[in-house]
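The block underneath contains the structure these notes are about, expressed in structure tokens.
Naming: A, B, ... by sequence-line order, numbering from 1 per chain.
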There are 2 protein chains.
Amino acid sequence: MAGTIKDIAKHTGLSLGTISKFINGGRVREANRDKIERAIKELDFHVNEIARGLKTSKSKTIGIIIPSMENFFCTSLISRVEKHLSKHGYSGIICDYQEDPQMEKEKLVFLINKMVDGIIIVPSGDTQKEIQQVLDRGIPVVTVDRILPDIACDSVVVDNFKISGEAVEYFVGQDHRRIAIICGPRNISTAEERLNGYLAVHEKFRLTVDPDLIQFGDYYMQSGYELCRRLLDLPEPPTAIFATNYDITLGVISALNERNIRIPEQLSLIGFDNLNLSKVIKPALSLVVQPMDQLADATTKLMLERLEGTLQGIPQLVKFEAELVIKDSVISPLHK
Amino acid sequence: MAGTIKDIAKHTGLSLGTISKFINGGRVREANRDKIERAIKELDFHVNEIARGLKTSKSKTIGIIIPSMENFFCTSLISRVEKHLSKHGYSGIICDYQEDPQMEKEKLVFLINKMVDGIIIVPSGDTQKEIQQVLDRGIPVVTVDRILPDIACDSVVVDNFKISGEAVEYFVGQDHRRIAIICGPRNISTAEERLNGYLAVHEKFRLTVDPDLIQFGDYYMQSGYELCRRLLDLPEPPTAIFATNYDITLGVISALNERNIRIPEQLSLIGFDNLNLSKVIKPALSLVVQPMDQLADATTKLMLERLEGTLQGIPQLVKFEAELVIKDSVISPLHK
DNA sequence: TTGTAAGCGTTATCAT
DNA sequence: ATGATAACGCTTACAA
């Protein structure tokens, strides 16, 4: 059904080698060029990348692994990564592991079997051994959003400690003293850093840290919802909540809505990611915005450089600044 | 670096054929089984799917093409599709064409080159010729969410005409007479059907159709935002708006917020997709919810059956019912 | 510039 | 049950 180089050879009377050379940009006699081009059209020839990959042992494919396809941060990241990749002749094969480390391992194996040239991953944190094995096979890995403590590979992150501090400090500046934070899983570096930023600001201002105000969830909306309810049910509830990812932010808002708690009059909120959300929520939501383009750029760049050998040696850690966008969801509790 | 079957053969003293058979589930002598298994572990052997694919001319890979990775409907769809696919030993290679038909064509070629066994696509509508070519190569195609008038392939959609009618009829029942609809691009069957549902209800109730109240946008939030503003600026603005996809819904809400127009007191709204949104918006948003699981199930099922030859002959059109979830964003304009 | 032939890692056929 | 060998479609020396 699909024409092969062999078919073209037959059709033109030229040899395999010549056709192949032409396809890969080599020079052939003018007349032959025409013949080949015509044959390609007529036979609807497409390079069989599989066969090519087998021969060159390069698939020109990058595996991309994310926790969930329904995670806004991840999809907006990989959308950009894919764009860059394809600009450089690479393509991405995207997998989500549904927040399940076991599945993450399977995807890793799957991608290895698919002979990907490299892997870009937003890791769960529970598959360090397996990721090390990938590296051991000589396949470059770049982690995004999160770093893996035991793994020596390139990583791209934002300065979570700092931005989290800024958010919390903003609360403090608005007279909040009972500030809650809803964190992600503790084994995720990003979540840990955001917590550390929270703690550092408390220390800086000598505020007592109430452990009840520090909640750990997974990164699902449901989790944000439940933990927010738990916070609200505290004998002495917080006056402000810092939701440390997008889905948690959604969950918090839905819990607040359910109880008819008004933002910011009754409770102040700073959310995370997705500037669009702030336009849709009333009042406009203050939130931490991550530099998606920069993250995607840097990630792709690192991967491409490793692949091309331009970058060698010790792993790079690229860190960007996130931005605190202030809108109308924070107000001093004293103004009540 | 990576062990091959040949390596295992050397390591065990057995032949290529035997190893291959074992790997593919054939029987081998107990003792040999052990030897092979041990060798696999020791050499960290993984099947080279590329080589296998070359030989079998089956890549066990399905190409998945969607308009945008940042489109909630699409990502939540493909997330489910991928899940099913992998359950059946297939994997998906996901591409987005960023709403650009030209790019869509490129992705089609790309996937063909990657030797995908089939293609699942949410098509732009402008690449029918190219999709036909894919079919001509014997590669099964299933379109989701949209049907292609000139193409004979399997499709999975919801009954857009009907659900749109229900939404508009709900408005009518709430005494609305100036009902606006913000549609997607006209060449997308789904958008057209949603408009037709709107028109049919107007006809049914003998309501005059004001062309000003029918706006066509693309499926981006920005579009919903702008068209909503245009509607609001009408000499006689609508009392209700039907936003016919998720991003348009977001855009409408943000425009409304910007002008401090209260839902539903000043304007009633029915949105589309993403039940979570309705929990986050105040007041809770009434919206059309699509049966994502059913859509994904049916899509995967059709593809798998075509691949396995279980399903042959004329293209199937599978249609599901969407659901109108009523919350608090619609009120009678007479109650003002 | 063009042709020839080997080989990438598998599977599949055919003997044994 | 196992082994030898050809073949998948391509690239790449090397020879012509």
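- A salt bridge links E305(A) with K301(A): at least one charged nitrogen is closer than 4.0 Å to a carboxylate oxygen.
- Distances shorter than 4.0 Å separate none of the side-chain N or O atoms of R52(A) from OP1 or OP2 on dG9(D).
- The interatomic distance linking I5(B) (CD1) with dG7(C) (P) rounds to 19 Å, in whole Å.
- When atom types are taken as modelled, the side chain of S189(B) and the backbone of I147(B) share a donor-acceptor pair closer than 3.5 angstrom.
- S57(A) comes within 4.0 angstrom of no nucleic acid atom, judged by non-hydrogen atoms across all strands.
- With respect to the salt-bridge test (charged N to carboxylate O, under 4.0 angstrom), the residues E104(B) and K107(B) do not qualify.
- Following rounding to the nearest Å, L14(B) (CG) and dT16(C) (P) show an atom-to-atom distance of 20 Å.
- In this structure, E106(A) and S86(B) have side chains that are not in contact, with every pair of non-hydrogen atoms separated by 4.5 Å or more.
- The nearest whole Å value for the distance from the NZ atom in K58(A) to the P atom in dC8(C) is 15 Å.
- Among the atoms of the strands shown, only primed sugar atoms or phosphate atoms (P, OP1, OP2) are found under 4.0 Å from some heavy atom of F45(B).
- The phosphate of dT2(C) has neither OP1 nor OP2 within less than 4.0 Å of any side-chain N or O from T18(A).
- In the model, T300(A) has no side-chain atom that pairs as donor or acceptor with a side-chain atom of K87(A) under 3.5 Å.
- When heavy atoms are screened at a 4.0 angstrom cut-off, I50(B) is found touching no nucleic acid atom at all.
- Position along DNA chain D of the nearest nucleotide to T56(B) versus G13(B) favours G13(B) as the more 5'-ward residue.
- Closest to the L16(A) side chain, of the nucleotides dT2(D), dT2(C), dC10(D), is dC10(D).
- Nearest nucleotide to the K6(A) side chain, out of dC8(D), dT1(C), dG9(C): dC8(D).
- No hydrogens or angles were tested; on distance alone, a donor-acceptor pair under 3.5 Å links the side chain of K55(B) to the base of dA7(D).
- Rounding to whole angstrom units, NZ of residue K35(B) and C1' of dT2(D) are separated by 12 Å.
- When rounded to the nearest whole Å, the span between NZ of K10(A) and P of dC10(D) equals 12 Å.
- In this structure, R137(B) contributes its side chain and Q133(B) its backbone to no donor-acceptor pair below 3.5 Å.
- Across all strands, I23(A) comes closer than 4.0 Å to no nucleic acid atom at all (heavy-atom distances).
- An OP1 or OP2 oxygen of dT11(C) is reached within less than 4.0 angstrom by a side-chain nitrogen or oxygen of S20(B).
- Between F22(B) atom CZ and dT11(C) atom P the separation is 13 Å, expressed in whole Å.
- For dT11(D), the OP1/OP2 oxygens have a side-chain nitrogen or oxygen of N24(A) closer than 4.0 Å.
- The CD1 atom of I19(B) sits 8 Å away from the P atom of dG3(D) (whole-angstrom rounding).
- Residue S15(A) places at least one side-chain N or O closer than 4.0 Å to OP1 or OP2 of dG3(C).
- Looking at the side chain of N48(B), the nearest of the listed nucleotides dG9(C), dA4(D), dT2(C) is dG9(C).
- When rounded to the nearest whole Å, the span between CZ of R33(A) and C1' of dT1(C) equals 15 Å.
- Two residues, L54(B) and R27(A), neighbour DNA chain C, and the one matched to the more 5' nucleotide by heavy-atom proximity is R27(A).
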